[in-house]
A.B. asks: 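Once you've had a glance at the structure underneath, I'll fire off some questions.
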Amino acid sequence: MVPASPRLSHQKLRALQTVIQARLLPWFATHQRDLPWRRNRTPYRVWISEAMLAQTRVDTVIPYFRRFMKRFPSLRALATAPLDDVLKQWEGLGYYSRARNLHKAAQMIQEHYRGRFPRTYADIHALPGVGPYTAAAIASLAFNLDHAVLDGNVIRVLCRLTGFDQDPSRQKTKQGLQSLADRLLVPGQAGTCNEAMMELGAICCTPSSPTCKQCPLQSVCVAFRTDTVDQLPVPRPKKAVPHKEVGAAVVRDDKGHVLIAQRLATSMLGGLWEFPGGTQEPNETMPECVARELKEELDIDIDVGDRLMIVRHAYSHFTIALHVYWATIRSGTPCPIECADVRWCTIDELRTYAFSRADLHIVDRLCANRG
Ligand code: SF4
């Protein structure tokens with residue numbers, strides 16, 4: 001049977017715990033990066049940084065985190081802000097449900113906990129958008145509760161340390177690795193232990209070309225000893241990524257205004273603004289697709305003009321080619337039928353709305369064309 005977790009004798013587990021305490025923690029004390037959320041640490045700052053860091057690189061997050069903290073310096077400021085402002089601060093960071101959940105959770109904390117961040121793992125986990133990883137990170141980093149985090153960095157370190165050669169993306173395997181991470185925690189020092197493991201994975205035990213010579217855990221690392229570092233962790237089986245051809249229109253009026261629509265809160269990228277359009281259907285030309293989509297979404301008949309641009313974009317689970325056309329209204333008045341709202345705005349005003357990354361390319365082009 002395929003093992004779901006690394007098999008370690010009690011003796012080996014003790015040896016690992018000893019080395020983590022004796023070498024990894026001192027290594028972390030001297031090598032950790034100076035990151036903005038490590039300064040003036042509060043539960044609120046930990047929460048925001050962890051939400052931003054999920055699926056996103058540290059370098060990308062730093063300017064977002066600084067801007068967000070300036071605009072929403074406290075939980076109360078976030079809870080009382082309009083959702084549009086929160087989405088605008090999140091613009092370009094992707095996975096927008098994170099921003100919507102932060103806003104909703106901040107309001108919940110104001111209401112149910114009188115603005116005081118919940119202090120138990122269960123209460124933190126119950127907040128909207130907080131999964132087991134984020135709950136463990138907040139519980140340990142903000143309150144030093146004994147919960148181990150298991151992110152991509154920690155998974156890589158654990159697989160290499162123990163020579164574990166099973167696919168770590170399987171649910172069962174993840175549970176096994178979580179249990180190992182829990183057992184390796186130094187009681188009472190969960191926050192530091194978790195950060196040290198994640199930092200080791202981020203700056204030393206990197207996916208390619210890890211710097212094993214400088215690694216504080218080298219003496220107990222199975223992958224290093226057996227020369228299998230390059231083979232671990234076992235890569236997850238590749239799946240074909242679906243692709244969609246999508247059409248959108250920049251509808252202009254004779255005063256130079258353009259038409260934008262707000263996506264339904266329940267849809268992907270919910271609450272963001274976009275140039276209206278949708279996915280091409282079989283046996284349909286792209287101009288036909290754009291005209292049909294605007295009829296369905298806004299109840300207008302349009303004349304589709306020249307193509308403005310094509311935007312290619314990769315989401316986490318599919319890719320798109322977004323074909324953007326100029327258009328004018330032939331008949332009808334735009335109504336939000338399959339969207340939350342619809343507005344005419346000037347090119348200058350476009351920058352005040354929150355758009356997805358793909359639509360931001362269109363905004364950039366329109367602003368550049370205006371000269
Ligand atoms: Fe990773 Fe190399 Fe350290 Fe092993 S010795 S934990 S492979 S950096």
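Side chains are part of it too, since the values below use all heavy atoms of this structure and drop only hydrogens, waters and symmetry mates. Ligands are counted one by one from 1 in listed order, and the atoms in each one are counted from 1 as well. Computed from a prediction, not measured in an experiment: that's the story for all the values here.
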A.B. asks: Flag the pair Arg292 and Glu288 as a salt bridge only when some basic side-chain nitrogen lies within less than 4.0 angstrom of an acidic carboxylate oxygen.
C.D. replies: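 No, no charged N to carboxylate O under 4.0 Å.
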A.B. asks: Just verifying a value: how many Å separate His313 NE2 and Leu360 CG, rounded to the nearest 0.5 Å?
C.D. replies: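 Output value for this atom pair is 9.5 Å.
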A.B. asks: What protein heavy atom sits nearest atom 1 (Fe) of ligand 1, and how far off is it?
C.D. replies: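 Its nearest protein heavy-atom neighbour is Cys205 SG, 2.4 Å.
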A.B. asks: Can Lys244 be said to sit on top of Phe318's aromatic six-ring, NZ or CZ under 6.0 Å from centre and within 45° of the ring axis?
C.D. replies: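 Yes, Lys244 and Phe318 form such a contact.
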A.B. asks: Just let me know how Cys221 lines up against ligand 1, side chain, backbone, both or neither, with a heavy-atom cut-off below 4.0 Å.
C.D. replies: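 It is the side chain that touches ligand 1; the backbone stays farther off.
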A.B. asks: In the protein, what heavy atom is nearest to atom 2 (Fe) of ligand 1, and what distance, to one decimal place, separates them?
C.D. replies: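 Result for atom 2 (Fe) of ligand 1: Cys212 SG, 2.3 Å.
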A.B. asks: Per the side-chain contact (heavy atoms from CB on, under 4.5 Å) rule, which among Ile260, Val258, Val311 passes with Ile362?
C.D. replies: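 For Ile362, the side-chain contact (heavy atoms from CB on, under 4.5 Å) check succeeds only for Val311.
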A.B. asks: Could Arg330 and Asp303 be called an ion pair, given the rule that one side-chain N must be under 4.0 Å from one carboxylate O?
C.D. replies: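 Answer for the salt bridge query: yes.
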A.B. asks: Taking 4.0 angstrom as the limit and counting only heavy atoms of Arg160, give me the atoms of ligand 1 inside it, by number and element.
C.D. replies: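 Contacts of ligand 1 toward Arg160, numbered from 1: 7 (S).
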A.B. asks: Taking only heavy atoms of Cys215, which atoms of ligand 1 are found under 4.0 Å from at least one of them?
C.D. replies: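 Going through ligand 1 atom by atom, the ones under 4.0 Å from Cys215 are 3 (Fe), 5 (S), 6 (S), 8 (S).
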A.B. asks: Determine, using heavy atoms of Val229 and all atoms of ligand 1, whether some pair is separated by less than 4.0 Å.
C.D. replies: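 So Val229 counts as touching ligand 1.
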